[in-house]
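Atoms within a ligand are numbered from 1 in the order they appear, just like the ligands themselves. For the single chain, residues carry numbers from 1 onward in sequence order.
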Amino acid sequence: MGANDLQQAAITLHRPAKAVATPRGPWSVEAIQALLDKPFMELLFEAQTVHRRHFPEGDIELATLLSVKTGGCPENCGYCPQSAEFDTGVKAQKLMEVDEVVRAAQAAKDAGATRFCMGAAWRAPKDRDVEKVAVLVEAVKGLGLQTCATLGMLEPHHAQQLKAAGLDYYNHNLDTAPEYYTDVVDTRTYQDRLDTLAAVRGAGISVCCGGIVGMGEQPVHRAGLIAQLANMDPYPESVPINSLVRVPGTPLADSEPVDLFDFVRMIAVARITMPTARVRLSAGRQQMGEAVQALCFMAGANSIFYGDKLLVTGNPDVDADVQLLRKLGLRSHRTQEQAEEGGCA
Ligand code: SAM
Ligand code: DTB
Ligand code: SF4
């Protein structure tokens, strides 16, 4: 770097920050790529500005996960410890009983969670599975928690049944860009995923849809994932951004770990392109440390999975999360209904 370059750098450093307008879609992959490539601090500033425009300062959603039906899944998603095709040591278990689920949900609520998400390792639930999950949804809803489920592919009539039982959100991730999807799973198609999302929307259930970073994808695939999400009309209400949990025995176990700044960039770009969505800093927090998580919140993440376990892998323990939130001055978001009820912290 010569003297002129240094001078130029100094001039750049002293340039006052420009006002940030909330950008709008539709989004091309190139436009998203350009956001991802911005200087890190500029990107964070832009994301935080958009964030503050749409959410109260310090508000964070705490969502607790429970695997209500574990393992033995016939799909071959390369990241997933629950596929029957991979030897990961996960023991298959049948659907949990209602009282067991209610106990877990009550404990989550007592610990300060506002949303409870039930996950099942199914390719697609059968009629009798949906009937049983509808009972779980009704019971959890009865505790005053927001309900979410992730059960695999859903037919429109199943989505309607779950809506009638009180399901608020359905989680179904696109995981990556369409061009990279076949490298990750070949027992279903990207279009299958989109069809389920349409069934969920059609039933009036809010959509929770995001993806995973760190599966060996190229930067263009990350941009492609965000483009898919942000161009949905409307875009998802919740957007989980997962960092791959590399589980031994899965085909993706040896993937190169994602650069942590690149992960923060994904959060920031999700925030900018989907300004009113709950952007969830999801799987992978155990490997991040407090400072990187703080950067994610700065970049506009305003939701986490809260509880000692994700589905079958670990998550930071509740005490550590409570401390982190306290240090950062973040408070559990409560819905209007929950605030009126005067329930959880
Ligand atoms: N079987 C259902 C399905 O595939 O939609 C629901 C459960 S599935 C485990 C939910 C999501 O968790 C996946 O779509 C994926 O995005 C995420 N996930 C699974 N394994 C993961 C891992 N090892 N690391 C990060 N995210 C993961
Ligand atoms: C989502 O996007 N991430 C969660 C939830 N939706 C269901 C699942 C993460 C799973 C991490 C690996 C495991 O514990 O199975
Ligand atoms: Fe099955 Fe879902 Fe895991 Fe894929 S991600 S193997 S569908 S549980």
Discussion item. Is it the case that over 12 heavy atoms from other parts of the model lie below 6.0 angstrom from the CZ atom of F261?
Written reply: no
Worksheet item: Using 4.0 Å as the upper bound for N to carboxylate O, is an ion pair formed by K141 and D168?
Response: yes
Worksheet item: ligand 2 and N173, any nitrogen or oxygen pair closer than 3.5 angstrom?
Response: yes
Worksheet entry | Under 3.5 Å side-chain donor-acceptor pair for R188 and Y181 | yes
Practice prompt. Check the angle between the aromatic planes of Y180 and H221 and answer parallel, tilted or perpendicular using the 30° and 60° thresholds.
Written response: parallel
Worksheet item: Salt bridge between D321 and R285, side-chain N to carboxylate O under 4.0 Å?
Response: yes
Worksheet item: Can you list the ligand 1 atoms lying under 4.0 Å from a non-hydrogen atom of L311?
Response: 9 (C)
Worksheet item: Any idea which protein heavy atom is nearest atom 24 (N) of ligand 1, and the distance to it?
Response: V245 N, 3.0 Å
Worksheet item: Quick one: which of M153, M215, R246, R193 has a heavy atom closest to atom 3 (C) of ligand 1?
Response: R193
Worksheet item: To which of D175, N315, N171 does the heavy atom nearest atom 7 (C) of ligand 2 belong?
Response: N171
Worksheet item: What protein heavy atom sits nearest atom 10 (C) of ligand 2, and how far away is it?
Response: L311 CD1, 4.2 Å
Discussion item. Quick test: of every protein heavy atom, which one is nearest to atom 4 (C) of ligand 2, and how far off is it to 0.1 Å?
Written reply: F305 CE1, 3.6 Å
Worksheet item: Which of the atoms of ligand 1 are close to A120, meaning less than 4.0 Å from one of its heavy atoms?
Response: 1 (N), 2 (C), 6 (C)
Worksheet item: Which protein non-hydrogen atom lies closest to atom 1 (Fe) of ligand 3, naming both residue and atom, and how far is it?
Response: C73 SG, 2.3 Å
Worksheet entry | Pairing of D233 and R201 as salt bridge, 4.0 angstrom limit | no
Item to complete: List the closest protein heavy-atom neighbour of atom 20 (N) of ligand 1: residue, atom name, distance to the nearest 0.1 Å.
Response: Y79 CD1, 3.3 Å
Practice prompt. Enumerate the atoms of ligand 1 whose separation from the nearest heavy atom of W122 is less than 4.0 angstrom.
Written response: 1 (N)
Worksheet item: Going by the atom numbers of ligand 1, which of them fall below 4.0 Å from some non-hydrogen atom of A283?
Response: 25 (C)
Discussion item. Can you confirm, on distance only, whether ligand 1 has an N/O atom lying under 3.5 Å from any N/O atom belonging to Q82?
Written reply: no
Worksheet entry | Close approach of P81 to ligand 2, heavy atoms, under 4.0 angstrom | yes
Fill in: Atoms of ligand 2 close to N242 [distance to a heavy atom under 4.0 angstrom, numbered from 1]
1 (C), 2 (O), 3 (N)
Practice prompt. Report the part of P240 (side chain from C-beta onward, or backbone N, CA, C, O) that has a heavy atom under 4.0 Å from ligand 2; answer both or neither where that applies.
Written response: side chain
Practice prompt. Tell me whether L143 is reachable from Y169 by hopping between hydrophobic residues (I, L, V, M, F, W, Y) whose side-chain heavy atoms are closer than 4.5 Å.
Written response: no
Practice prompt. Compute whether any side-chain donor of one residue and acceptor of the other, for D195 and Q191, lie under 3.5 angstrom apart.
Written response: yes
Item to complete: Name the option, out of I212, L151, V184, that contains the heavy atom nearest to atom 26 (N) of ligand 1.
Response: I212
Worksheet item: Is V247 in polar range of ligand 1, meaning some N or O pair under 3.5 Å apart?
Response: no
Fill in: Under 3.5 Å: donor-acceptor pair, side chain of T64, backbone of Y306
yes
Practice prompt. Between T313 and ligand 2, find which residue part has any heavy-atom pair under 4.0 Å and reply side chain, backbone, both or neither.
Written response: both
Discussion item. I'd like to know if atom 1 (Fe) of ligand 3 has an N/O/S atom from C80 within less than 2.8 Å of it, counting both backbone and side-chain atoms.
Written reply: no
Worksheet item: Would you say the side chains of N242 and Y79 form a donor-acceptor pair under 3.5 Å?
Response: no
Practice prompt. Decide whether S238 and R115 meet the rule of one side-chain donor and one side-chain acceptor closer than 3.5 Å.
Written response: yes
Response to the item:
One finds that the ligand 1 atoms under 4.0 Å from a non-hydrogen atom of H172 are 5 (O)
Worksheet item: Quick one: does ligand 2 sit under 4.0 Å from the side chain of V247, the backbone, both or neither, non-hydrogen atoms only?
Response: neither
Worksheet item: atom 12 (O) of ligand 1: which protein heavy atom is closest, and how many Å away?
Response: N173 ND2, 4.3 Å
Worksheet entry | T276 side chain to Y235 side chain, donor-acceptor N/O pair below 3.5 angstrom | yes
Worksheet item: Under 4.0 Å from any heavy atom of N242, which atoms of ligand 1 are there?
Response: 25 (C), 26 (N)
Discussion item. Ignoring hydrogens and geometry beyond distance, is a side-chain donor-acceptor pair present between T114 and Q146 at under 3.5 Å?
Written reply: no
Worksheet item: Cation over ring, R280 on F305, under 6.0 Å and within 45°?
Response: yes
Worksheet entry | Side chain, backbone, both or neither: the part of R188 lying under 4.0 Å from ligand 3 by heavy atom | side chain
Worksheet entry | Taking atom 4 (Fe) of ligand 3 as the reference point, the nearest protein heavy atom with its distance | C77 SG, 2.3 Å
Fill in: Minimum-distance protein heavy atom relative to atom 16 (O) of ligand 1
D175 OD1, 2.6 Å
